[in-house]
Amino acid sequence: MKKIKLFSSIVIVCLIVSLTCFSAFAETYYITDGYKYMLDDDNNAYLAGVEDDRTELMIPAEIDRHPVTATTMLCCNGNTSLESVTFENAENMSIIGAYGFYNCSNLKSANLGSYVTELYRGVFRGCTSLESVELSDNLTEIPYESFYGCTSLGEITIGRNITLIQENAFIGCPNLVIRCYYDSYAYQFALDHSIPYILLDGVLLGDTNADENVDVTDVTQIQQFLAELAELDGIYLHAADANQDGTVDISDATALQMYIAEYDLPYPIGEVMTQ
């Protein structure tokens, strides 16, 4: 009899300890206006999802007077109602947690506003309907799997502040076109991964002297460069490659002459440079 009582006492103690441990590690969630969130030790809110079928998600600056500073891991994972998300008003937001919008298959657009400073990996992985994304100018890195499998993603603008794009950030994005600046990290990334790009510098293919026109003076500039009487470098050396074969030679001067003479050419001379 004493053994049974002793055993029962041990079981009860174990249960109490287990419940105590569970309470210590369990997260407490709150719901306000459909926003699900948790609080950190400083009473900042971490958005953990939405509890309704809204199609447009506007991340607020505050919830119940708590600054919204981040989203949790898997925040809106698998939400098939969402079609757009914007962080434009989230002035306290700095971090979007890992796989935050993973497999949101109907999400078409995302605007990260100007406050977000850090993405964790896989934020938009598997968002197969995602067509357009506006990145925050404060981002410096596009991490692993950020847009992995975003098969509908088209043009994305990547500014000069981005200094690192992880290798598989855009795997499975067959329609991707990177809008970037010449000699930026994003430009080199596009070259290294054979991704089409549009240069934001606004320089026209064939405009070698920076006068925003393509005319006989550009032909002369190439001829002088080949004769080592003038210099061409940077984006204007790139613009001198009129036939886009990777080298600047007399055939580029000939292509410009034919363009000026209004021949039909297979090169986009006179247009903002793309690849």
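The figures that follow rest on heavy atoms only: side chains count, while hydrogens, waters and symmetry mates do not.
Relative orientation of the Y185 and F189 rings is parallel, given thresholds of 30° and 60° on the angle between their planes. Relative orientation of the Y187 and Y197 rings is perpendicular, given thresholds of 30° and 60° on the angle between their planes. The aromatic rings of Y37 and H66 lie tilted to each other, with the angle between the two planes from 30° to 60°.
A 6.0 Å sphere centred on CG of N44 holds more than 12 heavy atoms belonging to other residues, nucleotides or ligands. Residue D53 places its CG atom among 12 or fewer non-hydrogen atoms of other residues, nucleotides or ligands, all under 6.0 Å distant. More than 12 heavy-atom neighbours from other residues, nucleotides or ligands sit within 6.0 angstrom of OH on Y182. Crowding of E56 atom CD: a count of heavy atoms from other residues, nucleotides or ligands under 6.0 Å not exceeding 12. Within a 6.0 Å radius of CG in N43, more than 12 heavy atoms belonging to other residues, nucleotides or ligands are found.
Taken to the nearest 0.5 Å, the CD1 atom of I269 stands 9.0 Å off from the CD1 atom of I260. Annotation: the span from I156 atom CD1 to E134 atom CD amounts to 10.0 Å, rounded to 0.5 Å. A distance of 10.5 Å separates CG in L107 from OG1 in T55, rounded to the nearest 0.5 Å. Rounding to the nearest 0.5 angstrom, the gap separating the CZ atom in F124 from the CD atom in E145 is 14.0 Å. Taking CD of E141 as the reference point, atom CG of L164 lies at 4.5 Å (rounded to 0.5 Å). Rounded to the nearest 0.5 Å, atoms CD (E51) and CD1 (I31) are 4.0 Å apart.
In terms of heavy atoms, A230 sits closest to Q221 at CB-NE2, 4.4 Å. Here the shortest heavy-atom pairing between C173 and C150 reads SG-O, 3.6 Å. Between M93 and A70, the shortest heavy-atom distance links the atoms SD-CA, 3.4 Å. Pairing each heavy atom of N79 with each of V50, the nearest pair is ND2-CG2, 3.5 Å. Pairing each heavy atom of P196 with each of L176, the nearest pair is CD-O, 3.6 Å. Shortest non-hydrogen contact noted between C180 and A186 is CB-CB, 3.8 Å.
The pair E131-K108 does not count as a salt bridge, with every side-chain nitrogen at least 4.0 angstrom from each carboxylate oxygen.
Between the side chain of S152 and the main chain of T128, a donor-acceptor pair closer than 3.5 Å is present. At least one donor-acceptor pair under 3.5 Å links the side chain of T117 to the backbone N or O of S94. Between the side chain of T208 and the backbone N or O of Y236 there is no donor-acceptor pair closer than 3.5 Å. For D241 (side chain) and D245 (main-chain N/O), a donor-acceptor pair under 3.5 Å exists by modelled atom type. Not one N or O on the side chain of N138 forms a donor-acceptor pair closer than 3.5 Å with the backbone of V116. N77 places no side-chain N or O within 3.5 Å of a backbone atom of N103 that could act as its donor or acceptor partner. At distances below 3.5 Å, at least one donor-acceptor pair connects side-chain atoms of D252 with backbone N or O atoms of A242. No side-chain donor-acceptor contact under 3.5 Å links N106 to the backbone of E83. Proximity of a side-chain donor or acceptor of N92 to a complementary backbone N or O of A61 within less than 3.5 Å is detected.
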Step-by-step side chain to side chain contact (heavy atoms under 4.5 Å, CB included) determination, V68 to Y35: CA-CA 11 Å; V68 181; Y35 295 110; over 6 Å; no

From CA spacing to verdict: side chain to side chain contact (heavy atoms under 4.5 Å, CB included), T140, I162: CA-CA 4 Å; T140 58; I162 297 291; 5.6 Å; no

Audit row: F170, I165, side chain to side chain contact (heavy atoms under 4.5 Å, CB included) steps and yes/no: CA-CA 9 Å; F170 293 103; I165 302 173; 3.9 Å; yes

Evaluation steps, side chain to side chain contact (heavy atoms under 4.5 Å, CB included), between Y30 and D64: CA-CA 10 Å; Y30 307 89; D64 286 342; 5.7 Å; no

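Judged by the 6.0 Å and 45° rule, R125 forms a cation-pi pair with Y148.
L112 pairs in a side-chain contact (heavy atoms from CB on, under 4.5 Å) with only one of the listed residues (L119, D137, V85), which is L119. Under the side-chain contact (heavy atoms from CB on, under 4.5 Å) rule, I235 has a single partner from V203, D207, D183, which is V203.
Under the 4.5 Å side-chain heavy-atom criterion for grouping Ile, Leu, Val, Met, Phe, Trp and Tyr, V248 is not connected to L229 through any hydrophobic cluster. At a threshold of 4.5 Å between side-chain heavy atoms, the hydrophobic network of Ile, Leu, Val, Met, Phe, Trp and Tyr places L39 and M73 in two separate groups. Note: the hydrophobic cluster containing L135 does not contain I95 (ILVMFWY, side chain heavy atoms under 4.5 Å, direct or indirect links). Cluster annotation: L82 is connected to L153 through the hydrophobic network of ILVMFWY side chains, with a link wherever side-chain heavy atoms come within less than 4.5 Å. A single hydrophobic cluster is not seen to contain both L130 and Y99; linkage of ILVMFWY side chains at heavy-atom distances under 4.5 Å, directly or through other members, places them apart.
Using a 4.5 Å heavy-atom cutoff, the side chains of V272 and L204 are in contact. Side-chain contact between E88 and M58 is absent, with no heavy atoms from C-beta onward closer than 4.5 Å. Contact annotation: the side chain of L57 approaches that of F101 to within less than 4.5 Å [non-hydrogen atoms, C-beta and beyond]. Within the 4.5 Å cutoff, the side chain of Y181 has no heavy atoms near those of the L199 side chain. Side-chain atoms of L47 and I63, non-hydrogen and from C-beta on, do get closer than 4.5 Å to each other.
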